[in-house]
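All values reported here derive from a predicted model rather than from experimental measurement.
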Amino acid sequence: MKTYLGIEFGSTRIKAVAVGEDFAPASTGDYTWAARYEDGIWTYPLEEVWAGLRDALSHVQGRETVAAAGISAMMHGYLAFDADWNLLVPFRTWQNTITGPAAAELTQLFGFNIPQRWSIAHLYQAILNGEEHIGHIAHLTTLAGYVHHALTGVNAVGVGEASGIFPIDSTALDYDAAMMKKFGLLIAQRKLPWNLRELLPQVLPAGAPAGVLTPEGSALLEGLLPAGIPFAPPEGDAGTGMTATNAVAPRTGNISAGTSIFSMVVLEHPLEKVHEEIDLVTTPTGAPVAMVHCNNCTGDTNAWVSVLGEAAALFGAKPDAGELYTKLYEKSMEGEPDCGGVLVCNYLAGEGVTHMDAGRPLVARTPESRFTLANFFRAQLYATMATLKIGMDILSEEGVRIHRLTGHGGLFKTPVVGQSYMAAACGAPVTCMKTAGEGGPYGMALLAAFLLLKRDGESLEDFLEKRVFAGVSGSTIQPDPAVVQGFDAYIRRYQALLAVERAAVENL
């Protein structure tokens with residue numbers, strides 16, 4: 001039996017998923033890691049990229065049957081190399097909020113929102129800072145692009161991944177030429193020894209060949225995969241999430257919820273205004289997408305679950321981690337729709353949507369609030385999606401219509417709970433499929449399968465709708481009016497809480 005392998009470098013796990021010819025997950029392996037905060041920068045060491053990848057792959061069964069593979073990773077960030085692919089400065093991840101001046105100037109120059117985490121914002125900020133390495137850059141890419149190049153020798157990324165590096169022209173399926181020219185004029189007086197186009201990887205749509213695993217690449221993996229395996233274009237976690245949830249057609253969208261949370265809504269037409277809270281990226285085939293990206297989701301919740309687990313251990317109880325999460329999630333359903341006046345701000349890092357450069361997790365309540373475990377944990381879960389709701393409300397005001405949202409990621413692993421709250425937050429039905437917990441690496445495996453199995457003229461949309469997800473069961477939850485009303489009340493107080501959060505950042 002042939003298998004198709006998807007590998008994703010997420011914020012907390014490096015995960016490999018192999019799917020069979022029926023497109024169902026056949027085997028998985030993963031490695032846990034975490035970002036490091038060093039010298040004011042959120043980073044991951046590249047040595048751990050390879051150690052973690054080898055560890056994850058070692059747990060995947062049937063590696064000898066892999067017919068095609070692909071690399072995905074958290075999008076954006078900054079990986080700058082010299083001509084020999086030596087790293088010039090430590091990897092700067094999407095979590096960093098250190099490019100404010102550059103992002104603001106480029107947004108005004110392009111008339112197009114450039115978020116702080118985008119690669120071009122990192123590059124221009126480094127130029128503004130006068131960083132020494134700028135004159136030595138020969139290659140600028142993302143984590144997925146770097147790993148793909150090391151394995152295949154091909155310096156390319158998928159169009160969805162590229163859309164988080166620099167704005168994309170969806171017609172040309174390439175970087176926007178007019179904006180590229182504007183950037184060149186902006187930096188011309190600095191007389192740098194490169195032009196931007198030379199630095200960036202080639203852009204490829206889903207289904208295009210993107211090289212094969214070389215003998216050198218196989219050696220990097222210590223022979224865990226044999227040389228010669230075809231590779232799909234490397235994609236970002238946004239594009240693979242859309243693929244994993246069959247959300248690549250207009251009026252569909254998906255929400256990926258883990259350490260970070262983001263929604264992707266495929267647009268019928270461009271937005272009328274530039275919104276700093278909304279990114280414009282693309283599907284893996286280049287269709288325009290509105291993205292609401294929030295840096296903070298379940299990180300603070302995970303910390304509280306750990307603390308509550310420690311409390312249980314004082315009484316001799318040692319609950320399984322999965323069971324503990326499930327019990328707490330389910331307990332939250334007993335809470336009041338507005339969380340009884342309990343408020344949580346879950347910001348461990350800065351948050352672009354609400355214009356915070358750093359985070360200070362908070363629990364706040366008035367003396368008359370009803371502070372119960374159910375209300376507290378419901379507030380925790382509301383907080384994971386509250387900032388996303390602020391961005392989704394902007395799309396609603398722009399007239400963007402959504403027929404279906406599909407949820408995936410850790411927030412949706414416990415049935416019904418996260419799904420119900422998200423439907424209320426977004427005012428749209430939310431569907432979860434059995435593969436919801438697999439998320440991006442599953443989507444990357446499907447893109448690898450599409451590379452080899454696509455028929456003449458077959459679109460990715462048709463491949464997913466008619467061949468992969470035809471007959472796949474899932475559960476759909478409609479917005480509950482009572483929960484919608486409660487969430488609306490919570491979000492009004494949450495927006496007031498942001499003034500407290502801002503003061504905490506300034507004073508703590």
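For the 3.5 Å distance criterion, the side chains of Thr240 and Glu235 fail to qualify, holding no donor opposite an acceptor. Looking only at atom types and distance, the side chain of Asn295 has no donor-acceptor partner in the side chain of Tyr347 under 3.5 Å away. A donor and an acceptor atom, one from each side chain of Gln95 and Tyr37, are nowhere located under 3.5 Å apart. With no hydrogens or angles considered, no side-chain donor-acceptor pair links Gln116 and Asn96 at under 3.5 Å. For the residue pair Thr3/Thr65, the side-chain donor-acceptor check at 3.5 Å is satisfied.
Between Phe183 and Phe110, the ring planes lie tilted relative to each other; the angle falls in the 30° to 60° range.
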Legend entry - Evaluation steps, side-chain contact (heavy atoms from CB on, under 4.5 Å), between His76 and His122: CA-CA 9 Å; His76 319 298; His122 279 278; over 6 Å; no
Legend entry - Pair Val344-Trp304, side-chain contact (heavy atoms from CB on, under 4.5 Å): steps then yes or no: CA-CA 12 Å; Val344 171; Trp304 276 102; 5.9 Å; no
Inset, instruction - Kindly determine whether Asn246 and Thr406 satisfy side-chain contact (heavy atoms from CB on, under 4.5 Å), including the steps that lead there. - result: CA-CA 8 Å; Asn246 191 23; Thr406 308; over 6 Å; no
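Across Arg92 and Ala126, no two heavy atoms sit closer than the pair NH1-CB, 4.3 Å. Closest heavy-atom contact between Leu5 and Ala448: O-CB, 4.0 Å. Counting all heavy atoms, side chain and backbone alike, Gly29 lies closest to Val60 at N-CG2, 3.8 Å.
Atom CG in Leu224 sits 5.0 Å away from atom CZ in Arg63 (nearest 0.5 Å). Distance check, rounded to the nearest 0.5 Å: NZ of Lys454 to CZ of Arg467 gives 11.0 Å. Rounded to the nearest 0.5 angstrom, Thr243 OG1 and Met444 CE are separated by 8.0 Å. Taken from CG in Leu280 to CG in Leu271, the straight-line distance is 5.5 Å, to the nearest 0.5 Å. Remark: His293 NE2 to Met291 CE distance equals 5.0 Å, nearest 0.5 Å. For the atom pair Leu151 CG and His148 NE2, the distance stands at 8.0 Å (nearest 0.5 Å).
The pair Arg197-Asp174 counts as a salt bridge, with a side-chain nitrogen and a carboxylate oxygen less than 4.0 angstrom apart.
A side-chain hydrogen bond (donor to acceptor under 3.5 Å, both in side chains) with Glu351 holds for exactly one of Asn346, Thr387, Asn296; it is Asn296. With Tyr31 as the partner, the side-chain hydrogen bond (donor to acceptor under 3.5 Å, both in side chains) test is satisfied by one option alone out of Glu48, Arg54, Arg13, Lys15: Glu48. Shown are Trp85, Phe81, Tyr78; of these, the ring-ring contact (aromatic ring centres under 6.0 Å, His included) with His139 is made only by Trp85. Under the ring-ring contact (aromatic ring centres under 6.0 Å, His included) rule, Phe23 has a single partner from Tyr442, Phe463, Phe469, Tyr4, which is Phe463.
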